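Presented below is the structure to which this report refers.
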There are 2 protein chains.
Amino acid sequence: MTRTTYHHGALRQALIDGAREILAEGGHEQFSLNEVARRAGVSTAAPYRHFSGKDELLAAVAEQGYATLHASLERASADTADVRERLLRLAGAYVRFAHDHPDLFVTMFRSWPGAAPVGHDSFEVLLQAVVDAQATALIPAKPSPELMARSIWATLHGLAVLSLRQPHQRFGMDEPPEDLATSTLSAMFGL
Amino acid sequence: MTRTTYHHGALRQALIDGAREILAEGGHEQFSLNEVARRAGVSTAAPYRHFSGKDELLAAVAEQGYATLHASLERASADTADVRERLLRLAGAYVRFAHDHPDLFVTMFRSWPGAAPVGHDSFEVLLQAVVDAQATALIPAKPSPELMARSIWATLHGLAVLSLRQPHQRFGMDEPPEDLATSTLSAMFGL
DNA sequence: AATGCTATGTTAGAGGCGTTCACATTGGAG
DNA sequence: CTCCAATGTGAACGCCTCTAACATAGCATT
């Protein structure tokens, strides 16, 4: 990316894009602010005009990641009337997202020094599905929807994290993400 | 740790201990091989006589972490005859471990470049509890014990990971680890 | 006991990264 | 048109990982 003008014009977004690109290439290890700057065709000091440092850039990347995840979940649950089907699709979409964007996923959910984005709107999507599932008696109505949704979220998240590990570290999680999610929810609720 | 002899004597373990110490102090961010060497009172090149690099040291730390986790789980389930109680204690111990040793926990379960230790023996402990729980009809006998145990492990792991995040990132997971585990398993199986 | 091999430690340095600071350029508001 | 604030550069600091050449000492064999 060689530039003719002194000013880049849209450096901030270019940096975020470059960062996502590196993560998408699986280069979580070799990720560096210098590398991001290089890809944007800019000096290593330039990013500091837009971000206070590496962490703030990664936070911005994570934020866009949350938006992407939310969109995936919405898409998965949008045109599915059947409650059971919708819950399973939602679950599959979550694990699928982690599987398709492993380094982005790790970046989103790593522990941050300061504040960091959340997945509130994504949680809402799951929560609504749980409310409906409880109304249909597909799953127990006993614990509150919030608690139930939280439990399911935890399950899906654990599933995603564990299935991302190296082959011999997996606990036999070699199936495609959707099957993994389905069989797990089935195990817990007998769906 | 100032030394009088030229040779350290037990540097390998001292490095692992130092690394665990730093992680225990919550210094996941400021963790460095140089810092570990410094604490052992040794030059920054010395660790390379015992480990091929930073990752191999962390792998060794992770390995000991798995042993510690396994011990915790054994202790939690050993003297508990009641099946339900045992399962809940086991679950609580898992989330408790993550809560008590957050950086060690993250180190254990981060994705590694090469091979890395697993938690097979820990899984066996959970598996046995699940077998017993299914035999008592405490939980459904439907999916195989392996699949059931895997699902529960995922749930606990997700719970652990998510509850470790910053306060406002938690999904209302402010209860002590044991309560978190208990209420979640209750939600799923109506225990 | 003396010798020498090898494990273990040291010093020096290359190359990379995150970050800061003084300085350069330029788009746009007045 | 002028000048300011925003945006980018170059150079430098300190820290990091890792390597290479060299120093010391534990130990096995004689």
Side-chain angles (χ1 to χ4, degrees), chain A residues 1-23 25-62 103 106-107 110-114 116, chain B residues 1-23 25-62 103 106-107 110-114 116:
Chain A
M1 182 72 75
T2 37
R3 191 168 18 111
T4 159
T5 54
Y6 184 87
H7 282 82
H8 181 289
L11 183 54
R12 188 188 156 89
Q13 187 58 43
L15 292 172
I16 295 178
D17 291 346
R20 287 195 69 157
E21 196 180 305
I22 296 176
L23 291 182
E25 290 168 9
H28 204 167
E29 303 297 325
Q30 62 160 25
F31 179 95
S32 86
L33 204 40
N34 284 3
E35 175 63 25
V36 176
R38 235 171 269 130
R39 293 197 183 209
V42 110
S43 81
T44 65
Y48 291 87
R49 295 295 173 193
H50 299 274
F51 302 97
S52 70
K54 189 187 182 185
D55 284 344
E56 202 172 289
L57 169 57
L58 284 176
V61 170
D103 292 278
V106 168
T107 300
R110 97 181 159 112
S111 293
W112 295 89
Chain B
M1 184 71 75
T2 37
R3 189 168 21 107
T4 158
T5 55
Y6 184 88
H7 281 56
H8 182 287
L11 184 53
R12 188 187 155 91
Q13 187 58 44
L15 292 172
I16 297 177
D17 291 344
R20 285 194 70 158
E21 195 180 306
I22 296 177
L23 291 182
E25 291 168 9
H28 205 167
E29 303 297 325
Q30 62 161 27
F31 179 94
S32 86
L33 205 41
N34 284 5
E35 176 62 24
V36 176
R38 236 171 268 129
R39 294 197 182 209
V42 112
S43 81
T44 65
Y48 292 88
R49 295 296 174 191
H50 300 273
F51 302 97
S52 71
K54 188 186 180 185
D55 285 344
E56 204 171 287
L57 169 58
L58 283 176
V61 169
D103 292 276
V106 168
T107 300
R110 97 183 160 110
S111 293
W112 296 90

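Proteins come first, then strands; the chains are lettered A, B, ... in the order of their sequence lines, and each starts at number 1. Quick caveat: nothing in here was measured; it's all calculated off a predicted structure.
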| request: Decide yes or no for A:Leu11 and A:Arg49: does some side-chain heavy atom of the first lie under 4.5 Å from some side-chain heavy atom of the second? | output: no
| Distance test, side-chain N/O of B:Ser43 to OP1/OP2 of C:dT11, below 4.0 Å | no
| message | Quick check: closest heavy atoms across A:His28 and A:Asp103, and the distance to 0.1 Å? | response | CB-OD1, 2.7 Å
| note | For A:Ala60 and A:Phe51 the tightest heavy-atom approach is CB-CE2, 3.9 Å
| said: Looking at every non-hydrogen atom in both residues, tell me the closest pair between A:His50 and A:Ala46 and how far apart they are. | reply: CD2-O, 4.0 Å
| B:Arg38 CZ to D:dC15 P: how many Å, rounded? | 8 Å
| field | Phosphate OP1/OP2 of D:dC16: any B:Asn34 side-chain N/O under 4.0 Å | value | yes
| query | Quantified as the angle between the terminal helix axes (five pairs each), what is the overall bend of the helix from C:dA1-D:dT30 to C:dG30-D:dC1 to 10 degrees? | reply | 0°
| said: Rounding to an integer number of Å, can you tell me how far A:Gln30 CD sits from D:dC18 P? | reply: 15 Å
| note | From CG of B:Leu11 across to C1' of C:dG9 the rounded distance in Å is 9 Å
| message | Output the rounded distance in Å from CG (A:Leu33) to P (D:dG8). | response | 14 Å
| Close side-chain approach of B:Phe31 to B:Val36, heavy-atom, < 4.5 Å | yes
| request: Between B:Lys54 and B:Thr5, name the one whose nearest nucleotide on DNA chain D is closer to the 5' end. | output: B:Lys54
| task | Taking the side chain as every heavy atom from C-beta outward, state whether A:Val42 and A:Pro47 have any atom pair closer than 4.5 Å. | result | yes
| query | Quick one: what's the B/S/- string for nucleotides 20-25 of chain C, heavy-atom cutoff under 4.0 Å, read 5' to 3'? | reply | B-BBBB
| Once you round it to whole Å, what is the distance between P of D:dC18 and CG of B:Leu15? | 14 Å
| query | Rounded to whole angstrom units, what separation is found between the CG atom of B:Leu58 and the P atom of D:dC18? | reply | 10 Å
| task | In whole angstrom, give the distance that lies between atom CD of A:Gln13 and atom P of D:dT7. | result | 15 Å
| Does A:Glu21 reach the side chain of A:Arg39, with side-chain heavy atoms less than 4.5 Å apart? | yes
| message | D:dG8, OP1 or OP2 - any side-chain N/O from A:His50 closer than 4.0 Å? | response | yes
| Beyond-backbone contact of B:Arg110 with B:Leu58, side-chain heavy atoms, under 4.5 angstrom | yes
| query | Can you name the residues that form a side-chain contact (heavy atoms from CB on, under 4.5 Å) with A:Asp17, not counting sequence neighbours? | reply | A:Gln13
| Rounded to whole angstroms, how far apart are CD on A:Glu35 and C1' on C:dC17? | 12 Å
